[in-house]
Chemist: 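Next up is a structure, given as structure tokens.
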There are 2 protein chains.
Amino acid sequence: MHMPKASRSTSVPVVTPRRRSSGQATLGDVAARAGVAPITVSRFIRDPRQVSDELRTRIETAVAELEYVPNRIAQGLAGSHSSAVVAIMPSLAHSVFAQTLHVLTQHLQQYGYQILLGNSGYSLAQEEDLLRTFLNWRPAALVLTGHNHTQGTAKLLAQLKVPVIETWDINARSPYFQVGFSHLHAGAAMADYLLDRGYRRVAYVHNCLVEDLRSAERGRGYSRALEKRGERPLIVEARGNTPFEAGGAALCALMRQKRRPDAIFFANDNIATGAVLEAQRQGWRVPDDIAIAGFGGFPIAEQLVPALTTLQPLHQQIGEIAAGIILQHYGQGHGDQMERRVDVGFEIARRESA
Amino acid sequence: MHMPKASRSTSVPVVTPRRRSSGQATLGDVAARAGVAPITVSRFIRDPRQVSDELRTRIETAVAELEYVPNRIAQGLAGSHSSAVVAIMPSLAHSVFAQTLHVLTQHLQQYGYQILLGNSGYSLAQEEDLLRTFLNWRPAALVLTGHNHTQGTAKLLAQLKVPVIETWDINARSPYFQVGFSHLHAGAAMADYLLDRGYRRVAYVHNCLVEDLRSAERGRGYSRALEKRGERPLIVEARGNTPFEAGGAALCALMRQKRRPDAIFFANDNIATGAVLEAQRQGWRVPDDIAIAGFGGFPIAEQLVPALTTLQPLHQQIGEIAAGIILQHYGQGHGDQMERRVDVGFEIARRESA
DNA sequence: TTGTAGGCGTTATCAA
DNA sequence: TTGATAACGCCTACAA
């Protein structure tokens with residue numbers, strides 16, 4: 001038994017060391033119970049093969065009996081990084097980002113990683129702030145959205161030794177992992193599709209999220225495609241309390257113009273849906289009076305009457321691939337691939353509305 | 001200058017202690033530079049008023065010069081709690097939870113809290129697992145969904161000394177903070193509304209998420225209301241790849257029954273939307289052939305043709321109120337209220353579909 | 001394969 | 001108000 005040294009010249013017999021702990025079993029507790037040194041348990045936890053069969057059994061028993069769960073905080077402090085994966089999203093109100101996060105969470109959780117969530121509100125400055133804060137958690141990896149960052153962010157990222165993954169966008173010059181697709185190509189592809197279908201006056205309508213650089217990038221792709229075929233681009237901002245309202249309002253505004261478009265490419269399926277429903281209320285026929293196309297491949301698009309033609313990024317896997325990169329970096333999961341740039345691609349879901 | 005003690009009787013002159021650190025300035029570095037003890041800097045960081053004016057100035061300078069940023073991991077290990085707030089959600093694929101998280105994040109971020117995100121997939125067992133892991137992070141607060149937990153979860157929660165907030169549901173017996181509304185009442189309210197409108201054969205259709213206890217609770221409310229008025233409840237499960245598909249399929253199935261209902265109450269607006277759109281395809285008139293009501297007050301509901309009657313929980317504030325409780329507990333934010341149970345209530349948005 | 005010693009960066013406790 | 005000391009729970013480096 002452990003006997004605390006007597007305090008100098010006082011007669012106080014035994015002072016129980018007051019513990020600050022949370023009552024959870026620790027590595028030391030397991031070690032004591034199994035009759036081994038703490039470091040052996042530590043090895044067992046990280047890689048059971050490093051421990052002999054006999055000790056392994058004893059430790060396994062002790063772990064089970066004490067319901068021991070490794071303390072990730074302590075691991076993080078002692079090791080070079082924690083088990084936290086930082087994810088910074090521009091918004092969670094958008095279902096696509098929520099979806100990515102959902103999948104990311106699911107995959108990383110089961111391998112013992114935790115998600116530290118940041119919400120940048122489409123602001124690059126906020127992204128940098130969040131990054132500064134999160135780096136103090138010594139994350140095991142970073143998952144960001146897009147490849148546009150402030151200089152400060154770039155500097156911080158450059159010093160990091162853990163994987164950094166940029167999602168949703170692909171850009172040749174980034175030094176980090178990327179999982180996404182080219183929004184420039186996507187915008188051009190939909191514009192080409194509409195032109196090929198015979199529409200000539202094609203407008204592009206996006207939400208007024210100033211900092212959503214990806215929808216702006218699609219707009220650039222759209223513009224280039226139109227100009228290449230001798231048509232004049234028309235980019236309009238939609239405003240409203242909800243994306244549905246915004247889409248409906250934008251449609252009405254465009255239909256009132258003297259030189260009204262014959263097709264509209266919306267920056268996402270929600271505003272496109274708003275437009276389809278507004279057309280229904282107004283009695284405009286889609287696609288005869290006005291063709292409507294969306295972006296995102298949201299589930300609602302397929303159910304609308306008429307069903308919405310949309311550009312569907314194959315983004316379901318973005319979260320999954322991002323998780324895979326992290327797991328593989330740390331030697332977990334199934335080592336499928338490890339390319340620095342994964343283009344998940346997109347396809348045009350050709351339906352009735354355009 | 002600091003001189004390391006000579007190792008016992010060896011002639012090795014000076015062994016530079018190898019640092020494993022990441023090169024970041026530590027509390028000790030700041031203390032050395034300011035000529036004070038580390039603990040004094042620690043106090044300064046947590047509450048500058050605890051330090052005399054003179055030392056405060058010196059420490060401030062040192063912090064600035066070294067660009068010192070506290071290590072959250074170490075704080076978490078040594079302190080009674082960290083600056084992380086754990087949020088465990090049943091899913092992020094559902095926009096309502098994503099929304100709550102979105103707001104929670106926004107509010108807590110600006111006060112220096114970080115969100116540790118868990119995804120329980122509607123499983124109480126998983127919730128317990130996540131909780132065990134997350135408790136090692138010594139969170140400053142916990143935000144959970146619902147008041148149903150495993151025994152293990154309950155035991156863990158009972159030991160905690162930080163605020164625990166259950167969201168989305170209200171139940172008188174819980175000892176924790178609660179922010180939400182009564183799903184039992186909500187279900188009954190919509191059933192009563194439909195009965196009051198003259199519908200007699202009212203069915204309830206919910207998604208087949210076995211563990212979504214809240215939609216089941218609304219179903220119970222619906223059943224009670226019907227029985228109280230002498231009608232027979234009919235509860236049906238909707239199945240499909242997407243909620244929209246599921247709603248459409250459920251509608252078709254019900255319309256084919258010999259004793260077909262004259263009104264359907266859907267467990268959420270997405271499946272209700274699927275039903276409205278399916279009715280449109282099938283040529284069934286809503287509400288004349290079949291009345292349709294939803295739950296959730298999703299933005300799409302208002303835009304549909306016909307617009308969807310829905311029960312709208314006033315849930316926008318759930319995340320905000322939860323954040324407020326946490327901030328107030330730690331003496332931050334604006335001290336509005338601090339009731340243990342906040343009923344955000346709901347209202348029936350009466351529209352064309354029922 | 002197993003163990004010892006010391007450190008990771010901070011805060012709690014107690015004493016001055 | 002300030003400081004010395006010992007946690008917090010684990011991991012790295014090195015030795016046996």
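Chain identifiers are assigned alphabetically (A, B, ...) following the order of the sequence lines, protein sequences preceding nucleic acid strands; residue numbering begins at 1 within each chain.
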Chemist: Quick one: which of dT11(C), dT2(C), dC8(C) gets closest to the side chain of T40(A)?
Modeler: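 Taking heavy atoms from C-beta onward, the closest nucleotide is dT2(C).
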Chemist: So if I take every side-chain heavy atom of L55(A) and compare against dG9(D), dT2(C), dA12(C), which nucleotide ends up nearest?
Modeler: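 Among dG9(D), dT2(C), dA12(C), the one nearest the side chain of L55(A) is dT2(C).
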Chemist: Give a yes/no answer on whether the side chain of T26(B) brings an N or O atom under 4.0 Å of OP1 or OP2 in dC8(C).
Modeler: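 Negative; the distance criterion is not met.
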Chemist: Measure centre to centre between the rings of H149(A) and Y176(A), then say whether the value is under 6.0 Å.
Modeler: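 Aromatic pair excluded; centres sit 6.0 Å or further apart.
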Chemist: Round to a whole Å and report the spacing from CG of D53(B) to P of dT1(D).
Modeler: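 The distance from CG of D53(B) to P of dT1(D) comes to 10 Å, rounded to the nearest Å.
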Chemist: Classify F44(A) by what it touches in the nucleic acid, base, sugar-phosphate, or nothing, heavy-atom distance under 4.0 Å.
Modeler: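 No contact.
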Chemist: Would you mind reading off the distance between I45(B) atom CD1 and dT2(D) atom C1', rounded to a whole angstrom?
Modeler: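 These atoms are roughly 16 Å apart.
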Chemist: What's the CZ-P distance between R72(A) and dC8(D), to the nearest Å?
Modeler: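 Nearest whole value for this atom pair: 21 Å.
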Chemist: Any donor and acceptor pair, going by atom type alone, linking the side chain of S120(A) with main-chain N or O of Q126(A) inside 3.5 Å?
Modeler: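 No; zero donor-acceptor contacts below 3.5 Å.
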Chemist: For the side chain of A74(A), counting heavy atoms from C-beta on, which of dG9(D), dT1(D), dA12(C) is nearest?
Modeler: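 Closest nucleotide to the A74(A) side chain: dG9(D).
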Chemist: From C-beta outward on Q75(A), which listed nucleotide comes closest to its side chain: dC11(D), dT11(C), dG3(C)?
Modeler: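 Side chain of Q75(A) sits closest to dC11(D).
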Chemist: Round to the nearest Å and state the distance from R58(A) atom CZ to dT1(C) atom P.
Modeler: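 Taking atom P of dT1(C) as the reference, CZ of R58(A) is at 16 Å.
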Chemist: Is the shortest side-chain N to carboxylate O distance from R56(A) to D53(A) below 4.0 Å?
Modeler: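 Yes, this pair counts.
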Chemist: Nearest whole angstrom, please: distance from the P of dC10(D) to the CD1 of I73(B).
Modeler: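 After rounding, the reported distance stands at 13 Å.
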Chemist: When you compare the side chain of F177(B) with that of V342(B), does any pair of heavy atoms fall below 4.5 Å?
Modeler: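 Side-chain contact under 4.5 Å: no.
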Chemist: Tell me: CG of L77(B) to P of dT10(C), nearest whole Å?
Modeler: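 So the CG-P distance, L77(B) to dT10(C), works out to 12 Å.
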Chemist: If you assign each of A25(A) and R43(A) to its closest nucleotide in DNA chain D, which residue comes earlier from the 5' end?
Modeler: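 By nearest-heavy-atom nucleotide position, the 5'-most residue is A25(A).
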Chemist: Within the side chain of Q110(A), is there an N or O that forms a donor-acceptor pair under 3.5 Å with the backbone of L108(A)?
Modeler: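 Pair absent, no side-chain N/O of Q110(A) close to backbone of L108(A).
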Chemist: Under 4.0 Å between any heavy atoms, over every strand shown, what does P70(B) touch: base, sugar-phosphate, or nothing? Just pick one.
Modeler: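 Sugar-phosphate contact only.
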Chemist: For R49(A) and for P38(A), find the nucleotide of DNA chain C with the closest heavy atom, then tell me which residue's nucleotide is more 5'.
Modeler: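 The residue closer to the strand's 5' end, by nearest nucleotide, is R49(A).
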Chemist: How many whole angstroms separate atom CG of D29(A) from atom P of dA7(D)?
Modeler: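 In whole Å, dA7(D) P and D29(A) CG are 15 Å from each other.
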Chemist: Look at the side chain of I39(A) and decide which nucleotide, out of dT4(C), dC8(C), dT11(C), has an atom nearest to it.
Modeler: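 Among the listed nucleotides, the one closest to the side chain of I39(A) is dT4(C).
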Chemist: Quickly work out the D47(A) CG to dT1(C) P distance and round it to whole Å.
Modeler: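 Going from D47(A) (CG) to dT1(C) (P), I get 10 Å.
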Chemist: Where the side chain of R138(A) is concerned, which of dG3(D), dC10(D), dG9(C) is the nearest nucleotide?
Modeler: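 For the R138(A) side chain, the nearest candidate turns out to be dG9(C).
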